[in-house]
Amino acid sequence: MSLNSLFFVFLFLPAGWILQRVTPEKAKNAVLLLLSAAFITWGSPRDMLLILCSALFNFFTALELTALQRGERNKHARLVFISGVTVNLLLLFFYKYTGFALSVFGAGRSLTLPLAPVGISFYTFSAVSFLTDVYRGDTPAPKNFIDAALYLTFFPKFISGPIVKYADFEKELRGRVCSAALTEAGVTRFTVGLAKKLVLADSLAVSFNAISALPTAELTVVHAWLGLFAYAFMLYFDFSGYSDMAVGLGNACGFHIDENFDRPYTSVGIADFWRRWHITLGRWFRDYVYIPLGGSRQGKAKTVRNLAVVWLLTGLWHGAAWTFVAWGAYHLALLLLEKFVFAGLKKKLPKAVNVALTFLLVILGWTPFFSPSLSYTGRYLLRLVGVGGAGLVNGGAVYLLRGGAVWLALAAVGSTPLPKALGDRLKDKKAFIPLKVVLLLSLLALSLAAMISGTYQSFLYAQF
Amino acid sequence: MDIITVDIAAAEAAQKEQKAALTAKEAAEKKAEEEAQTEPVVTVDLRPAKVRAKAAPRAAVMGASAVLCTALLFGALSLSLPKKEFSETENRVLAGAPQFSVSAFLKGDFQSGFETWFADHFVGRDTFSALHHLVQSVAGSREAGGVYLGEEDRLFLIPTTPEEENVTALADAINAFASAYPEQKYLFAVAPNAVWTQRKYLPPYAEAPDQQAQLAAFAKRLKNVKTVDLCKALSAHSDEYIYYRTDHHWTSLGAKYAFEAIAAQLETGPLVKKYETHTLSETFEGTLAAKSGSHKTRDTIDIYLPETDIAYYVNYADGGEAESSMYRRAFLDTRDQYAVFFGGNHALVRIRTTADTGRKLLVFKDSYANAAMQFLYPYFEEIVMVDPRYYYDSLIPVMNQYGITDVLYLYNADTFFNDTSLADVLLEAAETPEPAPGSGTEGSVG
């Protein structure tokens with residue numbers, strides 16, 4: 001089940017919210033866990049069984065760690081910790097990377113692998129955070145299985161994050177205030193996120209899909225750039241919309257879920273971009289990979305090595321293919337250049353130039369990200385500069401441009417601080433509340449229209 | 001090392017800054033929460049109006065209440081309102097409620113069935129779909145659901161790009177069939193779609209395949225099969241009402257122009273000079289309207305009755321009694337009024353006539369042919385229509401026992417080039433060695 005399905009928004013959400021609302025304080029975590037289990041089971045009972053086993057394993061591993069350490073680390077605890085993390089990573093590796101690993105060694109093409117459980121990448125990272133935070137003593141081990149399992153499976157964040165740190169989540173498991181203000185903010189946030197995904201991102205997807213369906217020989221320069229911009233904004237509004245939904249749902253249940261995006265397309269550099277794009281993933285890699293490897297404190301060579309490990313893994317985490325490795329390597333190269341070569345130059349440039357350059361470099365980086373193969377990436381990059389394609393522009397490109405221009409313009413404005421500034425300015429006006437209600441209901445109606453339209457079909461060929 | 005230490009210092013400073021920002025944010029949030037807590041922490045207030053009026057202003061939760069109540073209301077209504085079985089706008093049977101069983105649940109079939117059912121019967125489904133198309137077209141989109149929204153409210157099905165392999169298979173099969181049965185005469189008559197013939201009404205810059213070139217290239221690959229240039233025949237009348245505006249079929253008028261070109265190639269002799277025309281419907285809203293959600297106009301269905309003494313009756317291989325008319329008016333009361341011709345597509349239809357021409361025609365066809373039969377029947381003793389998409393028998397008895405003299409391929413280009421059934425049906429009949437009449441041993445082909 002996804003957060004943007006009809007079933008979720010119009011049945012699961014209102015029913016679930018009321019249920020947790022009327023539940024007494026003491027039983028709230030249990031009810032939220034039941035809701036999360038129902039959420040996962042509805043999508044796939046097999047996944048639920050797997051997650052249940054894994055959650056039990058992690059819970060008992062955490063108890064074992066606490067029992068072994070009694071306040072100080074020791075060899076035995078270290079062994080338990082490493083094997084616990086390894087089991088989690090192996091599960092991820094088995095479902096997500098077996099096919100890729102086999103193909104690297106030139107085997108296994110005919111092998112049918114089991115379908116990866118939905119959300120396994122995010123789940124595994126949560127599990128690693130859970131074991132690590134307990135092992136490091138950042139937080140006490142969970143009192144009961146309900147708390148541990150709720151952290152691992154909390155339905156708003158289960159499928160696509162944000163990746164909340166266990167140490168942060170644990171505090172709110174013990175006690176939180178589900179205030180009216182937080183509920184209001186949460187539901188508002190959810191509705192806006194829903195519309196970002198269904199209305200804006202999915203409309204941009206129409207342009208991008210039309211372009212990616214064309215053979216690269218038929219792409220003009222305008223096609224290539226239109227496709228690139230459409231993809232860049234589609235990805236941002238898709239993912240940040242989904243994160244908004246997750247954060248909003250968390251708020252509506254009294255939790256503070258970490259932000260995942262902070263207007264990344266207005267970043268002033270690549271490092272800055274990564275502080276604002278998929279923030280919780282970057283933080284996870286910093287806290288659980290980069291810093292444990294020594295971070296930047298052990299000399300230039302080791303810093304470069306540590307960064308390389310992080311970016312290779314970041315690339316692979318996004319998908320088991322060479323294209324994602326290339327994308328990770330590209331960002332690594334940009335970060336190293338920014339840090340060690342162009343730091344001085346960057347300081348001298350005006351902010352607007354830095355923002356524009358960063359945006360350009362980032363969106364160029366999406367090319368391998370959306371490519372089915374590296375050779376496609378190469379051809380696509382050539383089309384951007386007009387090499388080998390169908391010229392500068394043709395009728396087809398103009399047609400697509402006319403269809404996508406309005407959505408692109410909306411997306412561009414939506415990526416800047418303007419919408420928030422406008423909202424803040426209106427906040428004190430008398431008409432703000434009725435205006436907000438009308439706006440939210442309109443966004444809900446538009447999202448509903450998009451969801452319905454997605455299921456619309458007519459049996460044309462049966463009658464042809 | 002300098003760089004590194006600077007780097008660390010900067011990172012630490014940044015972290016501190018972030019922390020400071022966070023604590024400031026947290027403080028602000030806490031303050032907001034505390035403020036809110038002076039109000040009762042109730043979001044959906046179910047108390048009687050009088051009590052509520054006394055309570056504090058509920059402005060703080062207006063947005064959340066509005067969204068949650070609306071979602072609850074729409075969800076509950078969609079579950080509880082009576083269900084339609086058939087969608088007129090989508091021209092299809094809507095999903096039925098899924099049957100619960102443990103195995104269906106474990107496989108996920110129950111859940112997906114439930115979600116489909118919920119979506120199919122969602123309250124205001126057609127209205128919301130129309131809203132989506134309205135928003136998209138206001139934003140500049142000129143296509144919806146695989147349909148171009150053309151000029152003058154004309155709708156055009158966007159053709160599927162044919163696979164080269166499939167096209168080759170079709171040409172090979174047609175040639176193999178013609179050489180396996182060399183006694184018969186063959187005519188290839190595939191009509192261009194509106195998207196080519198009436199391309200001047202497409203949205204600006206919309207792309208359409210050059211079906212004339214596709215068909216000409218295909219014709220070159222055929223051996224012992226004559227072709228008729230329907231692109232030429234139809235484009236001479238491209239401003240006339242030769243395709244429906246809301247449906248992917250041609251009109252009877254379009255079929256008539258095609259027929260005239262076909263008849264010339266079939267050498268049917270003098271044609272019927274006059275037709276009696278009748279308008280059967282002025283309310284036809286075709287599949288393209290359903291697919292695109294654009295309901296701006298309606299079509300007219302006319303039929304042409306040749307002024308001739310020749311009578312005919314129609315037999316359907318899939319059962320039913322012989323009928324004395326190819327028009328089945330009951331279908332005018334359904335969404336798909338084009339099915340007034342023969343009641344839609346059938347595996348095999350036989351039209352037997354009182355014409356004394358000594359010729360029998362086998363037609364391989366899609367639904368375009370259905371509207372052309374009203375013109376063709378007076379020139380043949382029998383017409384056998386085979387729709388390979390529904391025909392699972394062998395063609396050998398048809399070719400050997402029906403006395404077929406002419407074979408016609410009558411399709412529209414989009415269906416034809418993407419067809420995956422015709423080649424199989426043809427090859428089965430062409431490759432299976434024919435038993436020699438009267439003996440059980442294998443004889444030579446032909």
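Bear in mind the structure is a predicted one, so any value in this text is a computation, not a measurement. In the text below, chain A, chain B and the rest are named by the order of the sequence lines, each starting its count at 1.
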Checking B:Leu79 against A:Leu11 for the side chain to side chain contact (heavy atoms under 4.5 Å, CB included) test, could you report, in this order, the C-alpha distance in whole Å, the side-chain angles of both residues, the deciding distance, and whether it holds?
CA-CA 9 Å; B:Leu79 280 185; A:Leu11 288 180; 3.7 Å; yes
When the 4.5 angstrom heavy-atom criterion is applied to A:Ser44 and chain B, the contacting part is neither
Check your understanding: Would a 4.5 Å heavy-atom cut-off, applied to side chains only, mark A:Trp17 and B:Leu72 as touching?
Key -> no
Minimal heavy-atom distance between B:Pro204 and A:Arg402, with the atoms involved, is CG-NH2, 4.0 Å
When the 4.5 angstrom heavy-atom criterion is applied to A:Leu444 and chain B, the contacting part is side chain
When rounded to the nearest 0.5 Å, the distance separating CZ of B:Arg125 from CE of A:Met451 is 12.5 Å
To the nearest 0.5 Å, atom CG of B:Leu68 lies from atom CZ of A:Arg21 at 11.0 Å
Honestly, the part of A:Ala445 sitting under 4.5 Å from a heavy atom of chain B is both
Cut-off 4.5 Å, heavy atoms of chain B, and the answer for A:Ser5 is side chain
Report task. Classify the ring geometry between B:Phe114 and A:Trp42 as parallel (under 30°), tilted (30 to 60°) or perpendicular (over 60°). Result -> perpendicular
Let me see the working for A:Phe432 and B:Met62 under side chain to side chain contact (heavy atoms under 4.5 Å, CB included), right down to the final yes or no. CA-CA 11 Å; A:Phe432 178 68; B:Met62 283 296 280; over 6 Å; no
dist B:Arg142:CZ -> A:Leu400:CG (nearest 0.5 Å) comes out at 14.0 Å
In terms of heavy-atom pairs under 4.5 Å with chain A, the winner among B:Ala144, B:Pro203, B:Ala66 is B:Ala66
So OG1 of A:Thr41 and CD of B:Gln111: to nearest 0.5 Å the spacing works out to 8.5 Å
Max heavy-atom pairs within cutoff under 4.5 Å with chain A, candidates B:Ala119, B:Gly108, B:Ser137, goes to B:Ala119
The interface call for B:Leu73 against chain A, heavy-atom contacts under 4.5 Å, is neither
Item checked: Close aromatic pair by centroid cut-off 6.0 Å: A:Tyr399 and B:Tyr148 -> yes
Is the ring centre of A:Phe10 less than 6.0 Å from the ring centre of B:Phe122?
yes
Quick check against the 3.5 Å criterion: does B:Glu115 have a side-chain atom that pairs as donor or acceptor with the backbone of A:Phe7?
no
- Task: Might you confirm whether atom OH of B:Tyr205 has over 12 heavy atoms from other residues, nucleotides or ligands at distances under 6.0 Å?
- Result: no
Ranked by heavy-atom pairs below 4.5 Å to chain B, first place among A:Val398, A:Leu440, A:Val437 goes to A:Val398
For A:Ser203 and B:Gln136, the nearest pair of non-hydrogen atoms, with its separation, is OG-NE2, 3.0 Å
On a heavy-atom basis, the closest approach of A:Val406 and B:Ala139 is CG2-O, 3.3 Å
request  = Determine whether A:Ser453 and B:Phe128 make a side-chain contact, defined as any pair of heavy atoms from C-beta on separated by less than 4.5 Å.
outcome  = no
Pair count under 4.5 Å, heavy atoms only, with chain B: among A:Leu443, A:Leu441, A:Val199, A:Thr191, highest is A:Leu441
